[in-house]
Participant: 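Okay, here's the structure, questions in a sec.
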Amino acid sequence: MERSIDKATLSALESAEKAGISTVWDRCAAQVPQCGFGEAGLCCRHCLQGPCRISPFEDGPRTGVCGANADIMVSRGLSRAIAAGTASHGAHAKHMAHTLLKAAKGEAPDYPIRDENKLKAVAARIGVSVDGREINEIAEDVAMKALEDFSEKETPLTWAVTTVTKGRVDTFLKLGVVPTGIDSSIAESMHRTTYGVDSDPVNIILGAVKCALADYAACHIATDIADILFGTPSPVATRANLGVLNKNAVNIALHGHNPLLSDILVQVAGEKVLNDSAKAAGASDGINVVGVCCTGNEIMMRHKIPMATSSVSQEAVILTGALDAMVVDYQCIMPSLAGIAECFHTKLITTMPIAKIPKAEHIEFHEPDAKECARKIIEAAIVAFKKRDSGRINIPDISSTAFAGFSVEAILSALSLLDREDPLKPLIDNIVSGNIYGVCLFAGCNTVKVTQDANYLAMIRELAKNNVLILATGCASGAFARHGFMTPEATEKYAGPGLKAVLTAIGQAAGLGGPLPLVLHMGSCVDTSRAADLAVAIADKLGVDLDKLPIVASAPEAVTEKAVAIGTWAVAAGIPTHLGVVPPVLGSKLVTEVLTSTAKDLFGGYFIVETDPVKAAKTLISVIGERRKGLGL
Ligand code: BF8
Ligand code: SF4
């Protein structure tokens, strides 16, 4: 199997081979064949009598030592994956909420409230009074409300029920899946899947859905507070792929998730004294900050910071030999980075007490003196630059233009140029007329198990040709950005006539002189909540629930437990959701059936697992067709 279709990644891998450095692809090859029990979800280690395994074939024991059968094992494994994903988004969101609280109390001076309108909009939505109050008072109440959503309450999660349609809330209540605390939902999932608790696979899965809805709330909190503290994104043009590294600058890559660190670091990287110091060290162009993965999305859409790469190709940034510091916070950071950084002059800098890596330098980041920490990090990068070996530099001269930052607010503001009074109307009219056949949200990662980016590109070509409007978050947006799909040129080249006409009308009204980009970049993975907001606005406007809309989602190259959590809440939201990799559930016919079929009866949404991208796109198009028929379109 070809490792990637991204030429920049392939060029970096060539350098690695020449230097005898192993990468994620080599390590994957060393793992093959991977364990068939694990692949099917049929291995349990939840107690010390295990590990227990059930053969996916008719031979061998049918239960583990305690009597847990395949259905129980698979559903428990899935539930724990969702709990872990929720814990990740939850920790990120809680970190944001604590910082908003500190900011409101004047304890984090580097975090002013940058978007008062967003703060007021969020406050109004969650029932915090706004009129006649100081901004900091409102911010404090919003932060407290967010923090309240983490522990067990008598009432449903504020962020889960105030951001979806009434119909969804009714469905969730009816099925008993409304979460009452983000952290408590995670704890409940861990409890019910431990030794000798919940043994009803369907009940376990409904518990997992409840936890996934807590994940949704966490994502939404993270997005809301990021906008409040750093500004709601609006479209910007930047570039993506390894070619954004600059051999004449101190190159610093920001990798991870939380904008609390990366946004501040970007602000500080513009300071003259630091740039002078970089120049004095021999970097004639000063400091060049680039992004990786989701934090890369955050700073791309708010500060035009170019995206070096994402997900499975993160090691490639170091392999260019031109990266002076890789600064990480948490999530999706391969431990292998330390070994690769060691082969070069690159400083790997960890910043969070919960995410250290042996051999990395740890510069701990604290919000009360955020800018000071950021300066220290940049100074360490300048020191590392001085040790750079210019003979080992191989920056592939490859990068694409990418337009990023299509928040719902930005989309509505673009649409308002067509209809000031009723901005959603042009969008809905075009869906009704069929100019926009439907909407597909791409989310999730790149995986070493699929040729990098191949599924994304094959699917988008098929969907766009059929007039499906494309939204993207997370490393899905990284893939499209690197290959030039977030440009007006991609719209000209790949969009069907109806879609092209709509994107051109909006683009021209916005004064772009051409169409909007083919892929609307909505942000990081937590910003998948923005796509949910857009879907909810459309549903409310049409007076139908989400499970009736011609909207689908796809994670064609998913990797993480976070992606599993997001996929599950998308399904619960009523959205048919495609996975391009097979999750470890096939060991249970029952669980597979619940996810791909019963879910449809319960929630309207369901999983579609298809590893062939063209077939997957065709299936999604026919699903959109069914939904359109249901609406009488
Ligand atoms: O949260 S898409 S590889 S970076 S998990 Fe990770 Fe997957 Fe990227 Fe962002 Ni999302
Ligand atoms: Fe085996 Fe049951 Fe223990 Fe799992 S919980 S390891 S199936 S005995």
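Order of listing sets the numbers, starting from 1, for every ligand and every atom in it.
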Participant: Do side-chain atoms of Asn288 reach the backbone of Val244 as a donor and acceptor pair under 3.5 angstrom?
Facilitator: yes
Participant: Can you tell whether the side chains of Arg530 and Asp527 come within less than 4.0 Å, N to carboxylate O?
Facilitator: yes
Participant: So which heavy atom in the protein is nearest atom 5 (S) of ligand 2, and how far is it from that ligand atom?
Facilitator: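 The answer is Tyr195 CD1, 3.6 Å.
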Participant: For atom 1 (Fe) of ligand 2, count the protein N, O or S atoms found under 2.8 Å away.
Facilitator: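 Near atom 1 (Fe) of ligand 2, the number of protein N, O or S atoms below 2.8 Å is 1.
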Participant: Applying a strict 4.0 Å limit to heavy atoms, is Gly444 in contact with ligand 1?
Facilitator: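 A heavy atom of Gly444 does come that close to ligand 1.
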Participant: Do the numbers put Arg302 on top of the ring of Phe230, so that NZ or CZ is under 6.0 Å from the six-membered ring centre and no more than 45° off the axis?
Facilitator: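 No, cation not above the ring by the 6.0 Å, 45° rule.
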Participant: With heavy-atom distances below 4.5 Å as the criterion, would you say the side chains of Cys525 and Ile566 are in contact?
Facilitator: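 Yes, their side chains come closer than 4.5 Å.
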Participant: Is it true that Glu409 and Lys118 have a side-chain N and a carboxylate O under 4.0 angstrom from each other?
Facilitator: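 A salt bridge is present here (some side-chain N lies under 4.0 Å from a carboxylate O).
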Participant: Short list, please: which atoms of ligand 1 are under 4.0 Å from a heavy atom of Cys293?
Facilitator: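 Close to Cys293: 4 (S).
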Participant: What protein heavy atom sits nearest atom 6 (Fe) of ligand 1, and how far away is it?
Facilitator: Cys332 SG, 2.2 Å
Participant: Might you point out which heavy atoms bring Met522 and Val408 nearest each other, and give the distance in Å?
Facilitator: CE-CG2, 4.0 Å
Participant: Could you tell me whether Ser311 and ligand 1 have an N or O pair separated by under 3.5 Å?
Facilitator: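 No, Ser311 has no N/O under 3.5 Å of an N/O on ligand 1.
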Participant: Taking non-hydrogen atoms only, is His257 closer than 4.0 angstrom to ligand 1 via side chain, backbone, both or neither?
Facilitator: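 It is the side chain that touches ligand 1; the backbone stays farther off.
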Participant: Salt bridge check: are Arg192 and Glu188 linked by an N-O gap of less than 4.0 Å?
Facilitator: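 Salt bridge present between Arg192 and Glu188.
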Participant: What residue and heavy atom of the protein are closest to atom 7 (Fe) of ligand 1, and at what distance?
Facilitator: Cys445 SG, 2.3 Å
Participant: Donor-acceptor pair, Ser79 side chain versus Ala208 backbone, under 3.5 Å?
Facilitator: no
Participant: Below 4.0 angstrom from a heavy atom of Met73, which ligand 2 atoms are there? Numbered from 1 as shown, please.
Facilitator: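 This gives 7 (S) as the contact atoms.
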Participant: Please state whether Ser310 comes within less than 4.0 angstrom of ligand 1, counting heavy atoms only.
Facilitator: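 Judged by the 4.0 Å heavy-atom criterion, Ser310 does not count as contacting ligand 1.
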Participant: Quick check: does Cys294 put an N/O/S atom under 2.8 Å from atom 6 (Fe) of ligand 1?
Facilitator: no
Participant: In terms of side-chain heavy atoms, does Asn446 have a donor or acceptor partner in Glu557 at a distance below 3.5 Å?
Facilitator: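 Result is yes, a qualifying pair exists.
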Participant: How close does the nearest protein non-hydrogen atom get to atom 5 (S) of ligand 1, and which residue and atom is it?
Facilitator: Thr560 OG1, 3.1 Å
Participant: Could you find the nearest protein heavy atom to atom 8 (Fe) of ligand 1 and give me its residue, atom name and distance?
Facilitator: Cys475 SG, 2.2 Å
Participant: Out of Gly474, Cys525, Cys219, Ser477, whose heavy atom sits nearest atom 10 (Ni) of ligand 1?
Facilitator: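 Ranked by closest heavy atom to atom 10 (Ni) of ligand 1, first place is Cys525.
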Participant: Tell me which one of Val519, Leu471, Leu520, Leu534 satisfies side-chain contact (heavy atoms from CB on, under 4.5 Å) with Phe406.
Facilitator: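 That would be Leu520.
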Participant: So with a 6.0 Å cut-off around CZ of Arg53, is the heavy-atom count from everything else above 12?
Facilitator: no
Participant: Check this for me: does any side-chain nitrogen of one of Lys562 and Asp215 sit under 4.0 Å from a carboxylate oxygen of the other?
Facilitator: no
